[in-house]
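Since the model is a prediction, treat every value here as computed from it, not as a measurement. Order of listing sets the numbers, starting from 1, for every ligand and every atom in it.
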Amino acid sequence: MNIPHRPRRNRRTPAIRGLVRETLLTPADFIYPLFLHDGPKDEPIVSMPGCQRWSLEGLVREATAAWEEGVSAVVLFPAIPESQKTPGAEESYHAEGLVPRAIRALKSTLPGLAVITDVALDPYNSHGHDGLVQFDPAGQPRILNDDTVAVLCRQALCHAAAGADIVSPSDMMDGRVGAIREALDGEGYEDVAILSYTAKYASAFYGPFRGALDSAPKAGDKKTYQMDPANSREALREAALDVDEGADMLMVKPAGPYLDIITRLSDAFDLPIAAYQVSGEYLMIKSAAAAGWIDEKAIVLETLTGIKRAGASMILTYFARQAARWLD
Ligand code: PBG
């Protein structure tokens, strides 16, 4: 018998398409990255149109508006004044620093909000690197892995003490997940989760973010710790280590150009996978939309759906609020 195949029958009406749809995007999938600074006013970020460096008050206002639109998780990125940056990044674990104050302000207004913090030294380090730096005789920076991990543990403890729900090491030092887990457990923070930047690539897509925080490395680049964009098997190795060291969630970053990595990790590991649609991905869409060249809403929802379809169960995206409104 020769039955004609007609896959279009399953696409015939919106109702049927709804029945067969495999991937459903919801605001509950989103983590909203928020920039903050220690000033009285919200400041627009030139390198990321539509984003602000929030004052503490503005931050709470923005998180509340997002919460009311269904976004229940934020991740915080502080802009630290040059005068507070040091080679030892001491401000990163200051109990009264900007991030701990922001965590407390958010938690007292929105106790149900999942507050995530970025654990890395680059906003606080006068060299602009994610780790502590020593210079070799030729003036080239060398990253001190194990000394950095000790500082990251202090930073994670400082965030946990202020009430962070999830700490998220974005530094790519070896061994930091296990060390942070041990430090947290040792101080009674067993409930604080670790979202590890497991496969964070040395990507040109971070440019606008570094502009937002003035955090670009002053010498050298990040290629001795962030991964080579050419590699995918290496991501499996990083993931196996993070799982072994006690990570609760694994992240792939950037998202759009690394969908294959998201799929490989979600196929190989049973921990939830996060993906970060980073500043350069955001800016490409924003600038093309501002020029009137693309349909912003359709493009954003398609990119986010693609990231989820690839295997991410949560997405860090600067479009979190806008997308939540569009999905409503
Ligand atoms: C730094 C950090 C970076 C981002 C998040 N955490 C930049 C970097 O590694 O240089 C980038 C996010 C983005 O581009 O949106 N620890």
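- The shortest N or O to N or O distance between Y197 and ligand 1 is not under 3.5 Å.
- Rounding to the nearest 0.5 angstrom, the gap separating the CZ atom in R101 from the CG atom in L59 is 11.5 Å.
- Using the six-membered ring where Trp is involved, Y318 and F35 have ring planes that are parallel, under 30° apart on the 30 and 60° scheme.
- If you take CD on E68 and CZ on R321, they are separated by 9.0 Å, rounding to the nearest 0.5 Å.
- Between the side chains of D242 and S196, a donor-acceptor pair is found at a separation under 3.5 Å.
- Under 3.5 Å, the side chains of T303 and E281 contain no donor-acceptor pair of N or O atoms.
- Taking every heavy atom of D130 and a limit of under 4.0 angstrom, the matching atoms of ligand 1 come to 1 (C), 16 (N).
- The nearest protein atom to atom 6 (N) of ligand 1, hydrogens excluded, is given as K253 NZ, 3.4 Å; this is a heavy-atom distance.
- Close approach to K200 involves these atoms of ligand 1, each under 4.0 Å from a residue heavy atom: 1 (C), 2 (C), 3 (C), 6 (N), 8 (C), 9 (O), 16 (N).
- For atom 14 (O) of ligand 1, the nearest non-hydrogen atom of the protein is S279 OG, 2.7 Å.
- Regarding atom 12 (C) of ligand 1, its nearest protein heavy-atom neighbour is F209 CD1, 3.3 Å.
- When side chains are defined from C-beta on, T148 counts as touching L121, because their heavy atoms get closer than 4.5 Å.
- Among all non-hydrogen protein atoms, the one lying nearest atom 8 (C) of ligand 1 is K222 NZ, 3.3 Å.
- Residue contact check: D118 has heavy atoms under 4.0 Å from atoms 6 (N), 16 (N) of ligand 1.
- Using the six-membered ring where Trp is involved, Y197 and Y276 have ring planes that are tilted, between 30° and 60° apart.
- Taking every heavy atom of A120 and a limit of under 4.0 angstrom, the matching atoms of ligand 1 come to 16 (N).
- Of the listed options C51, S170, P169, G131, S170 places a heavy atom closest to atom 16 (N) of ligand 1.
- Atom 1 (C) of ligand 1 has D122 OD2, 2.8 Å as its closest protein atom, hydrogens excluded (heavy atom only).
- Ligand 1 lies within reach of Y276, whose nearest heavy atom is under 4.0 Å from it.
- At least one heavy atom of Q226 sits less than 4.0 Å from an atom of ligand 1.
- Looking from atom 15 (O) of ligand 1 to the surrounding protein, the closest heavy atom is Y318 OH, 2.6 Å.
- Counted by atom type alone, Y93 and H159 present zero donor-acceptor pairs between their side chains at under 3.5 Å.
- Listed by atom number, the atoms of ligand 1 under 4.0 Å from F77 heavy atoms are 5 (C), 6 (N).
- Legend: residues meeting ring pair (Phe, Tyr, Trp, His ring centres under 6.0 Å) with F319, ordered by chain and number and at least two apart, are Y282.
- Looking only at atom types and distance, the side chain of Y32 has a donor-acceptor partner in the side chain of E62 under 3.5 Å away.
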